[in-house]
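Scope of the values below: all heavy atoms of this structure, side chains included, with no hydrogens, waters or symmetry mates. The sequence lines fix the lettering, A, B, ..., with proteins before strands; numbering per chain opens at 1.
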2 protein chains.
Amino acid sequence: MSRSRDAVHEILRQSAAFRSAQDIFTEMRADGSKIGLTTIYRALQALNDDGRVDVLRTDDGEAVYRACATSAHHHHLVCRGCGLTVEVDGPDVEVWAERVGAEHGFTAITHTVEVFGTCGACAKG
Amino acid sequence: MSRSRDAVHEILRQSAAFRSAQDIFTEMRADGSKIGLTTIYRALQALNDDGRVDVLRTDDGEAVYRACATSAHHHHLVCRGCGLTVEVDGPDVEVWAERVGAEHGFTAITHTVEVFGTCGACAKG
DNA sequence: CAGAAAATGAAAATGATTGTCAAAACGGTT
DNA sequence: AACCGTTTTGACAATCATTTTCATTTTCTG
Ligand SMILES: [Zn+2]
Ligand SMILES: [Zn+2]
Ligand SMILES: [Zn+2]
Ligand SMILES: [Zn+2]
């Protein structure tokens with residue numbers, strides 16, 4: 001894996017929003033690339049396995065990816081309008097999740113936390 | 001809407017775990033019901049619209065539903081092994097989400113928060 | 001360069017979810 | 001009970017994202 005993976009990674013780096021496979025495919029093809037959709041799926045999978053991109057599911061179940069600046073654990077604040085995404089963290093939330101899990105006798109706790117809203121730009125026009 | 005919707009709702013009431021449409025379909029058919037899969041999807045959608053069932057997406061994008069005891073805002077602690085789910089709430093998380101959104105100029109803040117782990121029973125054998 | 005191993009892409013297969021449409025179940029009315 | 005307009009239902013087809021398959025191309029190694 002290399003050629004295509006890097007190309008896909010680069011597309012993600014240049015976007016502040018989460019992007020879908022189809023979305024990336026369309027952009028790359030528009031830019032003249034001959035890449036196949038399958039390769040994009042494979043690249044996204046590999047990048048995610050390597051922890052280089054984050055993935056989340058839209059309301060309708062579509063997987064969308066983003067190359068976040070930090071590889072450390074964090075969460076996202078996503079604009080419902082334009083997709084603009086900001087990386088955020090919440091130490092309190094981390095503690096809360098562990099505690100609520102432990103209180104109920106659960107182990108190996110993990111969690112998903114995403115915040116959505118309308119960004120300043122979208123709030124206007 | 002009535003006959004089938006109530007039947008689906010009842011199945012969910014009797015389960016502590018989130019269930020998929022296929023899952024519910026299989027159980028109802030096994031119980032002798034002649035219900036169709038389409039009807040189950042419609043019932044789940046209606047129940048969700050009415051706020052009577054919660055929905056979330058599994059890692060592979062499948063929608064799963066649960067009839068929670070409370071209709072008030074809450075979150076879930078889900079066992080990765082058996083699906084056992086406990087309803088939990090975290091006032092701190094609510095506050096944190098609002099604050100982090102506001103800090104970045106976002107409005108109309110919403111959030112998704114789910115906690116996963118291995119329950120006591122599954123931790124054994 | 002040769003040959004093996006990894007990557008790629010087109011097309012088919014999968015699986016969840018939705019749309020279509022005619023038949024069946026309801027509800028209220030004579 | 002027979003009638004009629006409305007709602008619900010279910011079999012089946014259609015969508016859509018994602019995965020598989022498989023033959024071809026590219027990359028790597030010696
Ligand atoms: Zn925006
Ligand atoms: Zn966290
Ligand atoms: Zn369990
Ligand atoms: Zn909350």
Side-chain angles (χ1 to χ4, degrees), chain A residues 1-12 15 17-67 78 80 83 85 112 114, chain B residues 1-12 15 17-67 78 80 83 85 112 114:
Chain A
M1 262 164 239
S2 202
R3 178 79 17 76
S4 301
R5 188 174 89 169
D6 290 338
V8 170
H9 195 191
E10 188 52 28
I11 291 282
L12 288 179
S15 174
F18 276 85
R19 311 282 300 273
S20 71
Q22 278 289 348
D23 191 10
I24 295 169
F25 176 66
T26 302
E27 177 173 336
M28 293 183 76
R29 280 300 181 102
D31 287 350
S33 170
K34 295 264 189 289
I35 197 168
L37 186 53
T38 308
T39 303
I40 293 184
Y41 274 104
R42 280 189 286 236
L44 290 171
Q45 209 170 279
L47 288 167
N48 184 241
D49 288 346
D50 291 353
R52 280 202 257 273
V53 304
D54 285 355
V55 58
L56 62 80
R57 297 265 171 189
T58 62
D59 284 334
D60 55 308
E62 192 179 19
V64 287
Y65 303 79
R66 181 172 194 272
V78 184
R80 266 186 302 267
T85 299
T112 65
E114 308 293 342
Chain B
M1 258 166 242
S2 200
R3 178 84 14 76
S4 302
R5 187 174 91 167
D6 289 339
V8 170
H9 195 190
E10 187 53 26
I11 291 281
L12 288 179
S15 174
F18 275 85
R19 312 284 300 272
S20 71
Q22 277 290 349
D23 190 12
I24 296 168
F25 176 65
T26 302
E27 175 174 338
M28 292 182 77
R29 279 299 181 102
D31 287 350
S33 170
K34 296 265 189 287
I35 197 168
L37 186 53
T38 307
T39 303
I40 293 184
Y41 274 105
R42 279 189 287 235
L44 290 171
Q45 208 170 280
L47 288 166
N48 183 243
D49 287 347
D50 292 353
R52 278 201 258 272
V53 304
D54 285 355
V55 59
L56 63 81
R57 297 265 172 189
T58 62
D59 284 333
D60 55 307
E62 191 179 21
V64 287
Y65 304 80
R66 182 172 192 271
V78 183
R80 265 186 303 267
T85 298
T112 64
E114 307 293 342

Regarding the side chain of Leu37(B), the nearest nucleotide among dG9(C), dT17(C), dT18(D) is dT17(C)
Could you tell me if the side chain of Arg66(B) sits less than 4.5 Å from the side chain of Leu12(B), heavy atoms only? no
Counting only side-chain heavy atoms from C-beta out, which of dG9(C), dT19(D), dT18(D) sits nearest to Ala63(A)? dT18(D)
Looking only at heavy atoms, what is the nearest atom pair of Leu44(B) and Val53(B), with distance? O-CG2, 4.1 Å
Taking atom types as they are modelled, would you say the side chain of Thr38(A) forms a donor-acceptor pair with the base of dA11(C) within the 3.5 Å cutoff? yes
Just how far, in rounded Å, is C1' of dT17(C) from CG of Asp59(A)? 15 Å
Distance-only donor-acceptor test, Arg42(A) side-chain atoms vs dG9(C) base atoms, 3.5 Å: yes
Between CZ of Arg19(B) and P of dA16(C) the distance, given in whole Å, is 15 Å
As a test of reading the structure: which of dG10(D), dT17(C), dT18(D) is closest to the side chain of Arg57(B), going by heavy atoms? dT17(C)
Output yes when at least one side-chain N/O atom of Arg3(A) is less than 4.0 Å from OP1 or OP2 of dT27(D), else no. yes
side-chain hydrogen bond (donor to acceptor under 3.5 Å, both in side chains) between Ser33(B) and Asp31(B): does it pass, once the steps are laid out? CA-CA 6 Å; Ser33(B) 170; Asp31(B) 287 350; over 6 Å; no
Scan Ser4(B) against the nucleic acid and name what it touches under 4.0 Å (heavy atoms): base, sugar-phosphate only, or nothing. sugar-phosphate
Interatomic distance, Tyr41(A) OH vs dA11(C) P [rounded to whole Å]: 17 Å
Interatomic distance, Gln45(B) CD vs dA16(C) C1' [rounded to whole Å]: 13 Å
More than 12 heavy atoms of other groups within 6.0 Å of Asp50(B) CG: yes
For atom CG of Asp59(B), decide whether the heavy atoms of other residues, nucleotides or ligands shown that lie under 6.0 angstrom number more than 12. no
What nucleotide among dA11(D), dT8(C), dT18(D) has an atom nearest to a side-chain atom of Thr39(A)? dT8(C)
dT8(C) P sits how many Å from Met28(A) CE, rounded? 10 Å
dT19(D) C1' sits how many Å from Phe25(A) CZ, rounded? 16 Å
Separation of dA16(C) C1' from Glu62(B) CD (nearest whole Å): 7 Å
Between atom CG in Asp60(A) and atom C1' in dT17(C), what is the gap in whole Å? 11 Å
